[in-house]
J.: 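Structure in structure tokens, see below.
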Amino acid sequence: MQFSLEMIRHSAAHVMAAAVKELYPEAKFDIGPSTEDGFYYDFDIPQHLAVEDLVKIEEKMEEIKKAAYPFTCQEVSREEAQKMLAGQQYKLERLADIPDDGVITMYTCGNFTDLCRGPHVATTADIGAVKLMSVAGSYYRGKESNPMLQRIYGTAFPTKKELDAYLTQLEEAKKRDHRRLGKDLDLFSISETVGPGLVLWHPRGAFIRNTIETFWRAEHYKNGYELLYTPHIGRSNLWETSGHLSFYQDSMYSPMDIDGGDYYAKPMNCPFHIEVYKSRIRSYRELPCRWAELGTVYRYEKSGVLHGLLRVRGFTQDDAHIICTPEQIESEIQEVLNFCLYIWKTFQFKEIKAYLSTKPEKSVGDPARWEQAQKSLVQAIQACGLEYEVDNGGGAFYGPKIDLKVKDAIGREWQTSTIQFDFNLPERFNLTYVGEDGQRHQPYMVHRALFGSLERFFGILVENYAGAFPLWLAPEQVRLIPISENQVEYCMEAKKKLRAAGIRAEVDTKDGSMGAKIKEARNMRIQYMAVAGGREQEAGTFSVRSRKEDQLGAMTLEELIEKLQNEIENKI
């Protein structure tokens with residue numbers, strides 16, 4: 001019998017808890033859910049767990065698995081559950097969370113019984129291959145005022161082969177970690193002095209970012225967008241109208257008192273774009289409005305979830321809003337989705353999947369508009385030939401959406417582009433246009449982000465390319481290496497000509513052996529090296545080598561420029 005990955009992992013969490021109970025009888029237990037990558041369980045254990053302890057727990061888990069204990073479910077009364085959980089303070093508090101009319105079930109495997117909704121695999125032997133990964137501190141219920149528990153993380157797969165493949169992927173991911181490569185390649189840093197989650201872009205990283213932004217702007221103009229610039233702060237009444245102060249205030253920074261009024265750092269760009277739209281009466285002839293902005297926004301994230309460039313507190317959102325008539329919406333969604341796919345494929349992401357989230361129980365907006373919006377999203381996905389999954393009822397209260405996920409070079413899936421309908425803000429801000437009939441009508445509004453944020457996108461790129469950016473993005477496209485002092489001037493003149501041709505070149509004038517200079521250039525992920533000794537200088541050539549293909553032979557500077565320009569222009 002086959003079991004879902006979620007069931008296998010949740011069952012593995014129970015087996016881990018059973019092992020902990022045998023090894024540490026005084027342990028107190030909280031919860032042990034499955035996660036996207038595995039499972040965890042939170043324990044209150046007097047001693048601090050180390051890596052060696054995880055090995056012992058894993059060995060005990062193997063014993064329990066081999067015993068093939070069945071997972072049995074028992075529905076009990078609250079009083080019975082309290083007796084079964086006697087002495088387990090965290091479990092008793094979780095039990096109290098269950099409403100009086102709720103069903104209380106206990107699952108048992110071997111000598112371990114847990115408060116749980118299930119479901120589980122049939123026996124402990126059905127769990128497959130398990131690996132405990134790490135242990136970390138975790139506050140009970142996520143509140144810093146509560147006791148600190150120890151959280152053991154693990155993962156499980158149906159077979160050892162699948163587990164080994166996952167562990168290999170993790171090892172590769174460590175080598176590609178954008179935080180390490182960002183430091184090694186001198187791309188960016190995050191300073192405690194400046195503040196956690198606030199990124200400092202170094203010259204090399206800023207060069208790549210500027211190249212991405214230049215490409216982004218050019219492609220938006222080609223696709224009929226106009227660019228906006230909006231302030232970093234806005235008055236409180238703006239955020240009251242948009243609803244952010246009611247629904248999003250915990251993620252907004254404290255207000256600034258300016259001229260006796262409260263101003264907030266913006267968490268989103270949309271209210272500003274709406275104010276641009278409202279600056280005058282709009283006619284149906286002007287629609288659609290496609291307005292995009294690389295707008296820096298600020299959102300509070302707890303320090304524990306900050307993660308390099310992937311989770312920050314200040315980031316630049318590649319935001320766009322499309323305001324259009326009902327008749328235009330289907331073609332607009334199709335254009336947006338095609339644009340998203342073009343952008344991601346340009347950056348060499350080929351495996352792309354769509355996720356459609358539909359109307360939840362509680363929502364705003366005309367039901368007919370919801371139906372039309374969802375139909376437009378489905379037709380756009382199908383027209384692009386994309387695989388997709390539907391999350392019924394998973395949309396926001398203000399509209400359905402499409403999320404795109406891409407797979408990187410080592411098979412990891414990343415959440416990227418979003419296309420989100422919004423029936424809420426047009427109503428809140430009373431957006432209208434004058435229709436062909438001379439009457440006022442409410443337009444459709446779509447939020448759209450291609451990268452999501454430049455910071456997170458950059459982090460994904462670093463890990464996807466393992467720091468070896470394609471030539472058109474590379475901050476240094478060719479390094480000129482003189483063999484001796486006699487060739488330095490020859491290389492400097494070549495650098496000027498390469499720069500004039502739009503190619504980013506540098507000359508290595510440091511002391512050191514040729515082998516050391518070649519090794520450093522490779523470590524810095526520079527795609528091309530052009531070496532010049534006395535023979536090359538006399539012949540007016542360079543000995544060119546590629547980071548991938550090694551020796552390419554002698555080339556004149558003109559031949560080298562032509563080769564590099566072709567790669568850059570075609571984004572090879």
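Side chains are part of it too, since the values below use all heavy atoms of this structure and drop only hydrogens, waters and symmetry mates.
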J.: Among Arg412, Arg179, Arg176, which residue satisfies the salt bridge (Lys or Arg N to Asp or Glu O under 4.0 Å) criterion with Glu463?
T.: Arg412

J.: Could you check if a side-chain atom of Pro158 sits within less than 4.5 angstrom of a side-chain atom of Leu5, using non-hydrogen atoms only?
T.: yes

J.: Can you establish whether the number of heavy atoms outside Lys278 located under 6.0 Å from its atom NZ is more than 12?
T.: yes

J.: Donor-acceptor pair, distance only, cut-off 3.5 Å: does the side chain of Arg151 make one with the backbone of Val135?
T.: no

J.: Which atom pairs, donor and acceptor, lie under 3.5 Å between side-chain atoms of residues 243-255 and protein residues at least two apart or in another chain?
T.:
from, atom 1, to, atom 2, distance (Å)
His244, ND1, Ser242, OG, 2.6
Tyr253, OH, Arg299, O, 3.4

J.: Run the ring-ring contact (aromatic ring centres under 6.0 Å, His included) test against Trp414 and tell me which residues pass, sequence neighbours left out.
T.: none

J.: Counting only N and O atoms by type, is there a donor-acceptor contact under 3.5 Å from the side chain of Glu301 to the main-chain atoms of Gly197?
T.: no

J.: What do the steps show when you test Asn464 against Ile410 for side-chain contact (heavy atoms from CB on, under 4.5 Å), and what is the final call?
T.: CA-CA 8 Å; Asn464 181 62; Ile410 60 172; over 6 Å; no

J.: Look at atom CZ of Arg78 and say whether more than 12 heavy atoms of other residues, nucleotides or ligands are closer to it than 6.0 Å.
T.: yes

J.: Between Gln382 (side chain only) and Gln379 (backbone N and O only), is there a donor and an acceptor less than 3.5 Å apart?
T.: no

J.: Could you check, using the six-membered ring where one of them is a Trp, whether Phe421 and Trp370 have ring centers closer than 6.0 angstrom?
T.: no

J.: Using a 3.5 Å distance criterion without hydrogens, assess whether the side chain of Glu455 forms a donor-acceptor pair with backbone atoms of Leu309.
T.: no

J.: In Å, rounded to the nearest 0.5 Å, how long is the span from CZ of Phe429 to CD1 of Ile274?
T.: 5.0 Å

J.: Can you check whether Cys116's main-chain N or O pairs, donor with acceptor, with Asp114's side chain at less than 3.5 Å?
T.: no

J.: Sorted by first residue and then second, give each side-chain hydrogen bond (donor to acceptor under 3.5 Å, both in side chains) pair with at least one member in residues 438-449; sequence neighbours left out.
T.: His220-Arg448, Tyr225-Arg448, His321-His447, Gln372-Tyr444, Asp422-His447, Thr432-Arg440, Asp437-His441

J.: State whether a side-chain donor-acceptor pair under 3.5 Å links Gln328 with Thr325.
T.: yes

J.: Does Gln317 reach the side chain of Asn269, with side-chain heavy atoms less than 4.5 Å apart?
T.: yes

J.: Set out, in order, the CA-CA distance, both residues' side-chain angles and the distance that settles salt bridge (Lys or Arg N to Asp or Glu O under 4.0 Å) for Glu293 and Lys266, then state yes or no.
T.: CA-CA 14 Å; Glu293 177 181 13; Lys266 66 177 177 180; 3.6 Å; yes

J.: Near Lys131 NZ, under 6.0 Å, is it more than 12 heavy atoms from other residues, nucleotides or ligands?
T.: no

J.: Measure centre to centre between the rings of Phe29 and Phe43, then say whether the value is under 6.0 Å.
T.: yes

J.: Going through the distances and angles, do Val276 and His273 end up as a side-chain contact (heavy atoms from CB on, under 4.5 Å)?
T.: CA-CA 5 Å; Val276 173; His273 293 196; 5.6 Å; no

J.: Any side-chain heavy-atom pair from Tyr40 and Ile31 closer than 4.5 angstrom?
T.: yes

J.: Is the gap between the ring centers of Tyr166 and Phe157 under 6.0 Å?
T.: yes

J.: Could you check whether any side-chain heavy atom of Pro443 comes within less than 4.5 Å of a side-chain heavy atom of Tyr277, counting everything from C-beta outward?
T.: yes

J.: Distance from Asp408 atom CG to Ile460 atom CD1, nearest 0.5 Å?
T.: 8.5 Å

J.: Using side-chain heavy atoms (C-beta onward) and a distance below 4.5 Å, is Glu286 in contact with Tyr433?
T.: no

J.: Nearest heavy-atom pair of Cys109 and Thr124: which atoms, and what distance?
T.: CB-CG2, 4.1 Å

J.: So that I know where these two stand, are Phe458 and Trp201 an aromatic pair - ring centroids less than 6.0 Å apart?
T.: yes

J.: Taking atom NZ of Lys174 as the centre, report whether more than 12 heavy atoms of other residues, nucleotides or ligands fall under 6.0 Å from it.
T.: no

J.: Would you give the length of the straight line joining atom CE of Met16 to atom CD1 of Ile152, rounded to the nearest 0.5 angstrom?
T.: 5.0 Å

J.: Among Trp344, Trp216, Phe315, exactly one meets ring pair (Phe, Tyr, Trp, His ring centres under 6.0 Å) together with Phe457. Which residue is that?
T.: Trp344

J.: Are the side chains of Phe215 and Leu473 in touch, meaning some heavy atoms are under 4.5 Å apart?
T.: no

J.: Flag yes if more than 12 heavy atoms outside Glu6 fall under 6.0 Å of its CD atom; otherwise flag no.
T.: no

J.: Without swapping roles, check the side chain of Arg9 against the backbone of Thr155 for a donor-acceptor pair under 3.5 Å.
T.: no

J.: Considering residues, nucleotides and ligands other than Lys302, do more than 12 of their heavy atoms fall under 6.0 Å from its NZ?
T.: no

J.: Quick test of your reading of the model: are Glu371 and Lys359 salt-bridged, counting only N-O distances below 4.0 Å?
T.: no

J.: If you draw the axis of the six-membered ring of Tyr355, does the NZ or CZ of Lys405 fall within 45° of it and under 6.0 Å from the ring centre?
T.: yes

J.: What distance separates Arg117 CZ from Tyr107 OH, expressed to the nearest 0.5 Å?
T.: 11.0 Å

J.: Judged by atom type as modelled, is there a donor-acceptor pair below 3.5 Å linking the side chain of Thr418 to the main-chain atoms of Gln420?
T.: no

J.: Tell me, with the steps shown, if Asp403 and Lys401 meet salt bridge (Lys or Arg N to Asp or Glu O under 4.0 Å).
T.: CA-CA 7 Å; Asp403 290 318; Lys401 66 173 180 172; 3.2 Å; yes

J.: Would you say His10's side chain and Gly32's backbone share a donor-acceptor pair under 3.5 angstrom?
T.: yes

J.: Just verifying a value: how many Å separate Leu377 CG and Thr358 OG1, rounded to the nearest 0.5 Å?
T.: 10.0 Å

J.: Closer than 3.5 angstrom, by distance alone: can the side chain of Asp318 be matched with the main-chain N or O of Leu450 as a donor-acceptor pair?
T.: yes

J.: Please say whether more than 12 non-hydrogen atoms of neighbouring residues, nucleotides or ligands are located less than 6.0 Å from CZ in Arg217.
T.: yes

J.: Roughly how far, to the nearest 0.5 Å, is CD of Glu436 from OG of Ser283?
T.: 9.5 Å

J.: Quick one, Pro267 and Val297 - any side-chain contact, counting heavy atoms below 4.5 Å?
T.: no

J.: Do Tyr342 and Phe347 make the cut of ring centroids closer than 6.0 angstrom?
T.: no

J.: Under the salt bridge (Lys or Arg N to Asp or Glu O under 4.0 Å) rule, what do Lys353 and Glu389 come out as? Steps first, then yes or no, please.
T.: CA-CA 8 Å; Lys353 188 173 180 179; Glu389 291 182 13; 2.7 Å; yes

J.: Can you check whether Tyr398's main-chain N or O pairs, donor with acceptor, with Asn424's side chain at less than 3.5 Å?
T.: no

J.: Taking the side chain as everything from C-beta on, heavy atoms only, tell me whether Cys384 gets closer than 4.5 Å to Leu341.
T.: yes

J.: Does Asp30 come within less than 4.0 Å of Arg94, counting only side-chain N to carboxylate O?
T.: yes

J.: Is there a side-chain contact (heavy atoms from CB on, under 4.5 Å) between Ile127 and Val130 once you walk through the steps?
T.: CA-CA 8 Å; Ile127 286 172; Val130 175; 3.5 Å; yes

J.: Would Thr168 and Glu171 count as having a side-chain donor-acceptor pair, cut-off 3.5 Å?
T.: no

J.: Tell me whether the centres of the aromatic rings in Trp239 and Phe272 are closer together than 6.0 Å.
T.: yes

